[in-house]
Amino acid sequence: QVQLRESGGGLVQAGGSLSLSCAASDFDLPRYAVGWFRQAPGKEREFVAATSWRGDTTVYADSAEGRFTISRDNAKNAVSLQMNNLSPEDTAVYYCAAIRYKNYYCSGHTCYRVAAEYGTWGQGTQVTVSS
């Protein structure tokens, strides 16, 4: 059964850092674009960051630009999200997801931002940032 599993969430003080990982089992993750989304209590799920399957295109939400970095580790069949300078507004459950179609590639700034484009989702990991 295809699974994506997030790890690395936790409690951190404002200004701190966390590194999230999205690991895949029974899934050729290097051939899929991967995105990170988050959902805070009472809010809709929102896009955070994404990387093309080639790893040469990365896109970020405005809120993540300059603070978060998404990267691939194909040897580990995983994608990570390094989050720096966290603020309480970053508190949410973070989800990774794989795009629906293998080898789908898009290189524009608007690519990979829509949740409906993703077909496989992890269970999420909680990130809590205290002030």
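These numbers come from the heavy atoms of this one structure, side chains and all, not from hydrogens, waters or symmetry mates.
No donor-acceptor pair under 3.5 Å is formed between the side chain of Asp73 and the backbone N or O of Ala78. Between the side chain of Tyr95 and the backbone N or O of Trp121, no donor-acceptor pair lies under 3.5 Å. In this structure, Glu6 contributes its side chain and Gln123 its backbone to a donor-acceptor pair below 3.5 Å. Remark: the backbone N or O of Val48 is not paired with any side-chain donor or acceptor of Arg113 at under 3.5 angstrom. For Arg72 (side chain) and Ser80 (main-chain N/O), no donor-acceptor pair under 3.5 Å exists by modelled atom type. In terms of modelled atom types and a separation under 3.5 Å, the side chain of Tyr104 and the main chain of Trp53 share no donor-acceptor contact.
Considering every non-hydrogen atom in both Gly55 and Thr51, the closest pair reads CA-OG1, 3.6 Å. Considering every non-hydrogen atom in both Ala40 and Ala92, the closest pair reads N-CB, 3.8 Å. What you find for Gln82 and Ser17 is that their closest heavy atoms are NE2-CB, 3.8 Å. Contact detail for Gly108 and Val59: the closest heavy-atom pair is O-CG1, 3.8 Å. Across all their heavy atoms, Asn85 and Arg67 have their closest contact at O-NH1, 3.0 Å. Of all heavy-atom pairs spanning Asn74 and Pro30, the tightest one is OD1-CB, 3.5 Å.
Atom NZ of Lys76 sits about 14.0 Å away from atom CG of Leu29, to the nearest 0.5 Å. If you take SG on Cys96 and CZ on Arg5, they are separated by 10.5 Å, rounding to the nearest 0.5 Å. Note: Ile70 CD1 to Cys22 SG = 8.5 Å, rounded to the nearest 0.5 Å. Between the CZ atom in Phe27 and the NZ atom in Lys102 there is a gap of 9.0 Å [rounded to 0.5 Å].
For Thr128 and Gln126, the side-chain atoms include at least one donor-acceptor pair closer than 3.5 Å. A donor-acceptor contact closer than 3.5 angstrom is absent between the side chains of Thr57 and Ser107.
Between Tyr118 and Phe37, the distance from one ring center to the other falls under 6.0 angstrom. Between Tyr112 and Phe47, the distance separating the two ring centers is not shorter than 6.0 angstrom.
For the pair Val79/Trp36, a side-chain contact is recorded, criterion being any heavy-atom separation below 4.5 Å from C-beta on. At a threshold of 4.5 Å between non-hydrogen side-chain atoms, the residues Met83 and Tyr94 count as touching.
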Given side chain to side chain contact (heavy atoms under 4.5 Å, CB included), test Arg38 with Asp90 step by step and report yes or no. CA-CA 9 Å; Arg38 67 186 184 187; Asp90 296 313; 2.9 Å; yes
Would you check, one step at a time, whether the test side chain to side chain contact (heavy atoms under 4.5 Å, CB included) holds for Phe68 with Asn84? CA-CA 6 Å; Phe68 294 3; Asn84 298 326; over 6 Å; no
Checking Gln13 against Val129 for the side chain to side chain contact (heavy atoms under 4.5 Å, CB included) test, could you report, in this order, the C-alpha distance in whole Å, the side-chain angles of both residues, the deciding distance, and whether it holds? CA-CA 5 Å; Gln13 289 187 332; Val129 185; over 6 Å; no
For a side chain to side chain contact (heavy atoms under 4.5 Å, CB included) check, start with the C-alpha distance between Tyr32 and Tyr101, then their side-chain angles and the critical distance, and finish with the verdict. CA-CA 7 Å; Tyr32 290 82; Tyr101 303 110; 5.9 Å; no
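With respect to the salt-bridge test (charged N to carboxylate O, under 4.0 angstrom), the residues Arg100 and Glu117 do not qualify.
Each of Leu20, Thr91, Val93 was evaluated against Val127; a single residue qualifies, Leu20, per the side chain to side chain contact (heavy atoms under 4.5 Å, CB included) test.
No single ILVMFWY cluster, assembled from side-chain heavy atoms under 4.5 Å apart, contains both Leu11 and Leu18.
More than 12 heavy atoms of other shown residues, nucleotides or ligands fall within 6.0 angstrom of atom CZ in Arg45.
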